[in-house]
**Q** 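There's a structure below that I have some questions on.
The figures that follow rest on heavy atoms only: side chains count, while hydrogens, waters and symmetry mates do not.
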Amino acid sequence: MRNFSSCKKCRDKKYLLAFLITLVCSVLCGVILYKPVTTNIYFVNMGYEYVYNVFNFNNTPLFFAHFLGSILSFYLFFLICYLTKFKYLTLIFLYLRGLFFGIYTVILVCVNSLGGILVAIFVFVPATLISFAVCAVISELCKKFDKRFAFILPAVLALLDGIVLMILINVVFRVVIIIV
């Protein structure tokens, strides 16, 4: 009789739990740090500019900013996990990225009123959560990639992440604007 059990490789459940805990804690810290950060005009201007670019469907600055941030973090996660055995070191960079995500989300929601809420719900939060998921996949599975294409893969994933952002802006957000 054939054995139908699958050959599941054991994933690092401790790392996944630490990843999720770090992400939640960093986003909460970002929400708490909202008030001291509003004195820095850079964060407030970023919120206004992001909402302006999304509502005007000005894709180029949004795509390049998101693509460069994604490629930097994906390669950082990839190099740490691929070349060293210190996978938990990536949690420091995840914390910083989640902290800024929390701050930017609160600024989009509080400073820019209804437009900021719509942009945060339909564009910024889903795009950033997809980016966090790609970081988790890279840090978990980077040793299993084909060695010939391993160093190109984070750039390809960053490009796909940017394309997902463009789809969120040009398809999903346009439908929401038409409905509202």
**Q** Let me know which of Phe77, Phe74, Tyr88 forms a side-chain contact (heavy atoms from CB on, under 4.5 Å) with Ser139.
**A**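 Between Ser139 and the candidates, side-chain contact (heavy atoms from CB on, under 4.5 Å) is satisfied uniquely by Phe77.
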**Q** Do any N or O atoms from the side chain of Ser131 and from the backbone of Ala127 form a donor-acceptor pair under 3.5 angstrom?
**A**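 Side chain of Ser131 to backbone of Ala127: no pair is present.
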**Q** Are Ile178 and Val176 linked, directly or through other ILVMFWY residues, by side chains that come within less than 4.5 angstrom of each other?
**A**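 In one cluster with Ile178: Val176, no.
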**Q** I would like to know whether Tyr104 and Thr128 meet side-chain contact (heavy atoms from CB on, under 4.5 Å); could you show each step before the answer?
**A** CA-CA 11 Å; Tyr104 288 149; Thr128 309; over 6 Å; no
**Q** Which residues, ordered by chain and number, are linked to Val24 in its hydrophobic cluster, where ILVMFWY side chains connect at heavy-atom gaps below 4.5 Å, directly or through other members?
**A**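 For the cluster that includes Val24, the remaining residues are Leu28.
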**Q** Give me the atom names and distance for the closest heavy-atom approach of Leu91 to Thr22.
**A**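 Reported closest heavy-atom pair: O-CG2, 3.5 Å.
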**Q** For the OH atom of Tyr42 and the CD1 atom of Ile107, what is their distance to the nearest 0.5 Å?
**A**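 Rounded to the nearest 0.5 Å, the OH-CD1 separation comes out at 10.0 Å.
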**Q** Quick one: which of Ile177, Val172, Ile179 gives a side-chain contact (heavy atoms from CB on, under 4.5 Å) with Val175?
**A**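 With Val175 as partner, side-chain contact (heavy atoms from CB on, under 4.5 Å) holds for just one option, Ile179.
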**Q** Would you compute the distance between atom CG of Asn170 and atom CD1 of Ile163 and round it to the nearest 0.5 angstrom?
**A**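 Taking CG in Asn170 and CD1 in Ile163, the distance rounds to 12.0 Å.
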**Q** Can you sort out the partners of Val164 under side-chain contact (heavy atoms from CB on, under 4.5 Å), two or more places apart, ordered by chain and number?
**A**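 Counting only residues at least two positions away or on another chain, Val164 forms a side-chain contact (heavy atoms from CB on, under 4.5 Å) with Ile130, Leu168.
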**Q** Linking I/L/V/M/F/W/Y whenever any side-chain heavy atoms sit under 4.5 Å apart, do Ile21 and Leu94 land together?
**A**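 No.
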**Q** Could you check whether atom CZ of Phe151 has more than 12 heavy atoms from other residues, nucleotides or ligands sitting under 6.0 Å from it?
**A**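 For Phe151, atom CZ is crowded (more than 12 foreign heavy atoms under 6.0 Å).
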**Q** Can you confirm whether Phe57 is buried at CZ, in the sense that more than 12 heavy atoms of other residues, nucleotides or ligands lie under 6.0 Å from that atom?
**A**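 For Phe57, atom CZ is crowded (more than 12 foreign heavy atoms under 6.0 Å).
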**Q** To the closest 0.5 Å, what do you measure between CE (Met166) and CD1 (Ile169)?
**A**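 Taking CE in Met166 and CD1 in Ile169, the distance rounds to 4.0 Å.
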**Q** Could you pull out the closest heavy-atom pair between Thr90 and Cys81, with the gap in Å?
**A**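 Between these two residues, the closest heavy atoms are CG2-SG, 3.8 Å.
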**Q** Atom CZ in Phe122, atom CD1 in Ile117: separation rounded to 0.5 Å?
**A**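 CD1 of Ile117 is found 11.0 Å from CZ of Phe122.
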**Q** Could you tell me whether the side chain of Asn112 and the main chain of Gly47 form a donor-acceptor pair under 3.5 Å?
**A**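 Yes: the side chain of Asn112 pairs with the backbone of Gly47.
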**Q** Could you note down all residue pairs passing ring pair (Phe, Tyr, Trp, His ring centres under 6.0 Å) where residues 123-142 supplies at least one of them, sequence neighbours left out?
**A**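 Qualifying pairs: Tyr50-Phe124, Phe101-Phe124, Phe101-Phe132.
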**Q** What are the two closest non-hydrogen atoms of Tyr95 and Cys29, and how far apart are they?
**A**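 Here Tyr95 and Cys29 meet closest at OH-SG, 3.3 Å.
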**Q** At their closest point, which heavy atom of His66 faces which heavy atom of Asp161, and how far apart are they?
**A**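 Result for this residue pair: NE2-OD2, 3.0 Å.
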**Q** Check the orientation of Tyr75 and Phe78. Use parallel for under 30°, tilted for 30 to 60°, and perpendicular for over 60°.
**A**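 Ring orientation, 0 to 90° scale: perpendicular.
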**Q** Tell me the closest heavy-atom pair linking Val51 and Gly116, and the distance in Å.
**A**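 Where Val51 meets Gly116 most closely, the heavy atoms are CG2-CA, 3.9 Å.
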**Q** Is there a chain of hydrophobic side chains (I, L, V, M, F, W, Y, each step under 4.5 Å between heavy atoms) that links Leu141 to Phe149?
**A**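 Leu141 and Phe149: separate clusters.
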**Q** If you round to the nearest 0.5 Å, how far is CG of Leu118 from CG of Leu108?
**A**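 Interatomic distance, Leu108 CG to Leu118 CG, rounded to 0.5 Å: 11.0 Å.
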**Q** Are Phe173 and Leu129 co-members of a hydrophobic cluster defined by side-chain heavy atoms under 4.5 Å apart?
**A**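 Looking at the clustering, Phe173 is in the same group as Leu129.
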**Q** Does Ser26 use its side chain to pair, donor to acceptor, with the backbone of Leu23 at less than 3.5 Å?
**A**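 Answer holds: yes.
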**Q** Do side-chain atoms of Lys143 reach the backbone of Tyr82 as a donor and acceptor pair under 3.5 angstrom?
**A**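 Yes; at least one donor-acceptor contact below 3.5 Å.
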**Q** Kindly compute the distance separating CG (Leu79) from CD1 (Ile138), expressed to the nearest 0.5 Å.
**A**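 Rounded to the nearest 0.5 Å, the CG-CD1 separation comes to 10.0 Å.
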**Q** Is there a path of hydrophobic side-chain contacts, each under 4.5 Å between heavy atoms of I/L/V/M/F/W/Y residues, joining Leu17 to Leu89?
**A**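 They do not share one cluster, since no chain of ILVMFWY contacts under 4.5 Å joins Leu89 to Leu17.
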